[in-house]
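Here the structure comes first, spelled out in structure tokens, and everything after it is commentary.
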Amino acid sequence: MQIVILKDAAAVAEYGAQIFIDQINRKQDSVLGLATGSTPVALYQELIKANQANKVSFKQVTSFNLDEYLGLDGDHPQSYRYFMNEQLFNHVDIDKSNTFVPPGDAQNPITACKMYENKISQSGGVDVQLLGIGRNGHIGFNEPSSSLASRTRVKTLTKETVEDNARFFAEGEFQPHLSITMGIGTILEAKKVVLLATGENKADAVRDMCEGAVSAVCPASALQFHQDAVIVIDEAAASKLVNAELYKHIEGENQKLQQYLAELKH
């Protein structure tokens with residue numbers, strides 16, 4: 001794990017966005033894994049600005065989203081397809097036919113999950129997967145007790161997650177308690193993973209993910225097994241890490257190494 005601790009949420013968004021910009025500029029037909037929720041919004045705003053400034057193009061990019069509510073079609077304002085259109089796809093030069101979100105309105109969700117896995121595989125796999133983390137350590141909708149080898153599947157949401165997301169639904173409006181989500185095993189197959197976390201309310205989950213035992217109790221802890229996982233967090237989210245100063249030191253040395261290697265190329 002590469003643990004990057006930055007001053008604030010804005011710095012986290014900028015750092016994370018630059019990873020995606022560099023990836024696309026290095027490989028124009030990159031396959032991106034994308035996430036929803038409040039944390040990625042600032043990163044998407046950075047990507048939109050870069051696209052509008054002609055610093056990156058999404059014309060050849062393919063994307064796969066982590067998850068979707070089961071029972072909502074893509075036109076529903078609380079669906080994750082709608083979210084992605086509003087927060088990113090409508091504002092950049094991506095071909096929407098190359099953007100994939102699990103179908104929340106699938107007649108046969110089990111078959112839809114298998115088809116989603118196959119589509120990811122046929123694309124060559126995800127180059128960079130964006131993640132957030134829930135207060136209970138979930139990634140995607142892989143709640144505590146999820147198998148660390150799980151694949152895309154239908155998943156029941158915990159009461160905590162339902163309560164956290166209730167603010168997005170009007171009183172009396174149908175709020176799904178089921179989802180389709182990429183599994184932890186699916187996520188771990190991405191070539192690179194970038195997880196963003198900001199705010200003190202994520203500090204416990206970040207500590208358990210980075211410094212706790214690898215366990216289904218904290219699904220995000222499975223990222224300890226990934227060979228290229230970058231955890232980008234602000235000071236507040238890092239506040240309960242025992243080894244925060246060590247991570248800052250390591251990142252500083254890594255930056256010096258990258259600068260040295262860049263100079264060698266010239």
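Quantities reported herein were computed from a predicted structural model and do not represent experimental measurements. Position 1 is the first residue of the sequence; numbering continues from there.
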- Query: Okay, side chain of Ser215, backbone of Val217: is any donor-acceptor separation there less than 3.5 Å?
  - Reply: yes
- Item | Matching residue for Arg153 among Thr186, Asn142, Thr181 - test: side-chain hydrogen bond (donor to acceptor under 3.5 Å, both in side chains) | Asn142
Answer yes when [X] and [Y] have at least one side-chain N-carboxylate O distance shorter than 4.0 Å, and no when they do not.
X	Y	result
Glu86	Arg81	no
Lys192	Asp127	no
Glu251	Lys248	no

- Message: Under the criterion side-chain hydrogen bond (donor to acceptor under 3.5 Å, both in side chains), I'd like the reasoning laid out for Lys55 against Asn25: C-alpha separation, chi angles, the key distance, then a yes or no.
- Response: CA-CA 9 Å; Lys55 294 180 179 179; Asn25 286 337; over 6 Å; no
- Among Tyr69, Phe100, Phe168, which one satisfies ring-ring contact (aromatic ring centres under 6.0 Å, His included) with Tyr80?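 Single pass found, and it is Tyr69.
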- Query: Among side-chain atoms of Ser179 and Asp67, is any donor-acceptor pair under 3.5 angstrom?
  - Reply: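 Short answer, no.
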- Chi angles and distances behind the salt bridge (Lys or Arg N to Asp or Glu O under 4.0 Å) call for Asp164, Arg135: CA-CA 9 Å; Asp164 283 349; Arg135 290 190 298 123; 2.8 Å; yes
Answer whether the closest heavy-atom distance between the side chains of [X] and [Y] falls below 4.5 Å.
X	Y	result
Glu235	Asp8	no
Phe20	Glu46	no
Glu68	Tyr116	no

- Query: For Glu171, what residues pass the salt bridge (Lys or Arg N to Asp or Glu O under 4.0 Å) criterion, not counting sequence neighbours?
  - Reply: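 Counting only residues at least two positions away or on another chain, Glu171 forms no salt bridge (Lys or Arg N to Asp or Glu O under 4.0 Å).
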- Item | For Asp204, all residues meeting salt bridge (Lys or Arg N to Asp or Glu O under 4.0 Å), sequence neighbours excluded | Arg207, Lys240
- Residues Glu143, Thr161; criterion side-chain hydrogen bond (donor to acceptor under 3.5 Å, both in side chains); working and verdict: CA-CA 9 Å; Glu143 302 281 20; Thr161 297; 2.6 Å; yes
Donor-acceptor pairs under 3.5 angstrom involving side-chain atoms of residues 195-202: please list them, not counting sequence neighbours.
residue : atom : partner : partner atom : Å
Lys202  : NZ   : Ile133  : O            : 2.9

- Yes or no on salt bridge (Lys or Arg N to Asp or Glu O under 4.0 Å) for Glu117 and Lys114, after CA distance, side-chain angles and deciding distance? CA-CA 5 Å; Glu117 281 278 334; Lys114 293 178 181 178; over 6 Å; no
- Task: Give the intermediate values and the outcome of side-chain hydrogen bond (donor to acceptor under 3.5 Å, both in side chains) for residues Gln258 and Asn254.
- Result: CA-CA 6 Å; Gln258 293 303 318; Asn254 283 340; over 6 Å; no
